[in-house]
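Following: one structure in structure tokens, then a few remarks.
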Amino acid sequence: MKNFNLLVIILLTTFSVNAQEVKFAPLDASPIDISYFPNKAVKFKKTDNPSPVIKVIYSRPSVKGRTIFGDLIKFGEVWRVGANENTEIKFYKAVTIGGTNIPAGSYSLFAIPEKDKWTIIINKEIDLWGAYAYDESKNIAKVSVPVKSVSTVIEALSIAFTTEGSVANLVIGWDKTTVDVPITIK
């Protein structure tokens with residue numbers, strides 16, 4: 001009996017010494033978000049709703065009183081369209097962007113912002129941190145789109161979709177700037 005009690009005490013001591021409290025990271029300053037086309041394709045999984053055609057996973061930095069385009073995000077430089085990891089765009093079907101056919105699959109979404117236009121880039125490489133390892137040789141599509149100014153500040157980077165006939169417009173908005181990227185679904 002003494003041996004059994006000693007064994008129980010040793011086991012309990014071992015478990016309590018090895019138990020460690022998990023330290024979870026605080027809420028990210030640029031939380032991750034997902035945007036789908038069609039917009040409600042995943043939220044209401046019913047047979048009468050379409051399956052997703054496009055999914056965009058991105059982090060949402062905030063303006064926080066800063067000057068965004070031309071200062072924080074330099075004109076003429078490749079940007080990951082968000083914060084943290086580069087933005088990932090998944091096409092569940094083949095699409096066309098700027099006359100380039102893009103097969104179904106997952107890609108990176110980059111941009112080169114300018115004052116009056118952005119160059120939108122679809123790149124083969126995914127799972128990168130920011131645009132630091134961006135490799136232009138892995139681009140599969142580039143398209144230039146005009147900048148639109150909005151009167152109300154969009155505090156957190158936002159991505160959504162609008163529809164014009166068979167075209168899904170990927171709308172990127174942040175601060176007082178938006179751009180529309182036309183995507184034709186095959």
Side-chain angles (χ1 to χ4, degrees), residues 31-61 68-69 73 75 78-128 131 134-186:
I32 197 165
D33 205 351
I34 300 174
S35 186
Y36 287 96
F37 178 80
N39 292 323
K40 296 182 180 179
V42 174
K43 292 182 180 179
F44 305 102
K45 287 192 173 190
K46 294 181 182 176
T47 56
D48 59 336
N49 282 334
S51 297
V53 177
I54 305 169
K55 175 171 76 172
V56 181
I57 303 170
Y58 65 107
S59 289
R60 300 184 68 184
I68 301 303
F69 297 107
I73 307 300
F75 287 140
V78 175
W79 172 52
R80 62 185 146 204
V81 186
N84 305 327
E85 284 190 37
N86 60 312
T87 294
E88 185 177 318
I89 187 164
K90 180 175 184 178
F91 302 112
Y92 292 86
K93 297 179 178 180
V95 300
T96 302
I97 297 177
T100 302
N101 295 321
I102 302 171
S106 293
Y107 304 93
S108 291
L109 176 67
F110 292 100
I112 302 173
E114 296 289 349
K115 189 172 186 172
D116 60 343
K117 68 177 173 124
W118 286 14
T119 301
I120 301 297
I121 302 164
I122 305 297
N123 186 281
K124 292 179 192 177
E125 198 159 23
I126 59 172
D127 298 323
L128 299 173
Y134 166 75
D135 183 351
E136 185 176 7
S137 72
K138 297 189 179 176
N139 290 352
I140 61 167
K142 283 175 96 172
V143 63
S144 182
V145 294
V147 166
K148 297 177 187 176
S149 294
V150 294
S151 57
T152 305
V153 170
I154 303 165
E155 178 62 28
L157 174 76
S158 298
I159 295 178
F161 289 94
T162 61
T163 307
E164 290 179 32
S166 65
V167 174
N169 287 311
L170 170 69
V171 182
I172 304 167
W174 196 22
D175 196 8
K176 290 193 170 192
T177 299
T178 66
V179 295
D180 293 6
V181 182
I183 302 172
T184 304
I185 294 137
K186 295 183 174 186

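The shown structure was predicted, so the numbers you read here are calculated from the model rather than taken from an experiment.
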Any side-chain heavy-atom pair of P38 and V53 under 4.5 Å
yes
I want to check something: taking the side chain as every heavy atom from C-beta on, are Y92 and S51 in contact at a cut-off of under 4.5 Å?
no
Compare every heavy atom of A156 with every heavy atom of S158, then report the nearest pair and how far apart it is.
OG-O, 2.9 Å
So which heavy atom on K124 is nearest to which on I140, and how close?
CE-CG2, 3.2 Å
Just to verify, which of I172, D33, V81, L170 counts as forming a side chain to side chain contact (heavy atoms under 4.5 Å, CB included) with V56?
L170
Check whether R60 reaches the backbone of P31 with its side chain - one donor and one acceptor, N or O, closer than 3.5 Å.
no
Can a donor-acceptor pair be found between the side chains of S137 and D135 at a distance below 3.5 Å?
yes
So, the side chain of N123 versus the backbone of E125: is there a donor-acceptor pair under 3.5 Å, distance only?
yes
How far apart are the closest heavy atoms of D175 and V150, and which atoms are they?
O-CG2, 4.1 Å
Would you confirm whether W118, through its side chain, and S144, through its main-chain N or O, come within 3.5 Å as a donor-acceptor pair?
no
Student check: side-chain heavy atoms of N86 and F110 closer than 4.5 Å
yes
Who passes side-chain hydrogen bond (donor to acceptor under 3.5 Å, both in side chains) against S35, sequence neighbours left out?
none
Measuring only between side-chain heavy atoms, which start at C-beta, is N169 closer than 4.5 Å to F37?
no
Report the distance from atom NZ of K142 to atom CD1 of I120, rounding to the nearest 0.5 Å.
11.5 Å
Heavy-atom pair of closest approach, residues I102 and A141:
CD1-CB, 3.8 Å
Which value, rounded to the nearest 0.5 Å, describes the distance between Y107 atom OH and I126 atom CD1?
10.0 Å
Is it the case that atom NZ in K186 sees more than 12 heavy atoms from other parts of the structure closer than 6.0 Å?
yes
If you round to the nearest 0.5 Å, how far is OH of Y36 from NZ of K90?
9.0 Å
Determine whether a donor-acceptor pair (N or O, by modelled atom type, separation under 3.5 Å) exists between the side chain of T87 and the backbone of R80.
yes
With side chain to side chain contact (heavy atoms under 4.5 Å, CB included) as the criterion, how do Y134 and N139 come out once you've worked through the C-alpha distance, each side chain's angles and the decisive distance to 0.1 Å?
CA-CA 9 Å; Y134 166 75; N139 290 352; 2.8 Å; yes
Stepwise, does the side chain to side chain contact (heavy atoms under 4.5 Å, CB included) test hold for E114 with T119?
CA-CA 8 Å; E114 296 289 349; T119 301; 5.9 Å; no
Testing T162, I183, T184, T96 for side chain to side chain contact (heavy atoms under 4.5 Å, CB included) with V167, which one passes?
T184
Could you walk me through whether I97 and F91 pass side chain to side chain contact (heavy atoms under 4.5 Å, CB included), step by step?
CA-CA 12 Å; I97 297 177; F91 302 112; 3.9 Å; yes
Taking only residues two or more places apart in sequence or in another chain, which ones pass side-chain hydrogen bond (donor to acceptor under 3.5 Å, both in side chains) with K148?
D180
For residues I34 and K55, report the shortest heavy-atom separation together with the two atoms involved.
CG2-CG, 3.6 Å
State which residues pass ring-ring contact (aromatic ring centres under 6.0 Å, His included) with Y58; sequence neighbours excluded, sorted by chain then number.
none
For a 4.5 angstrom cut-off between non-hydrogen side-chain atoms, does V181 reach L109?
no
Please name the pair of heavy atoms, one in P61 and one in W174, separated by the smallest distance, quoted to 0.1 Å.
O-NE1, 3.3 Å
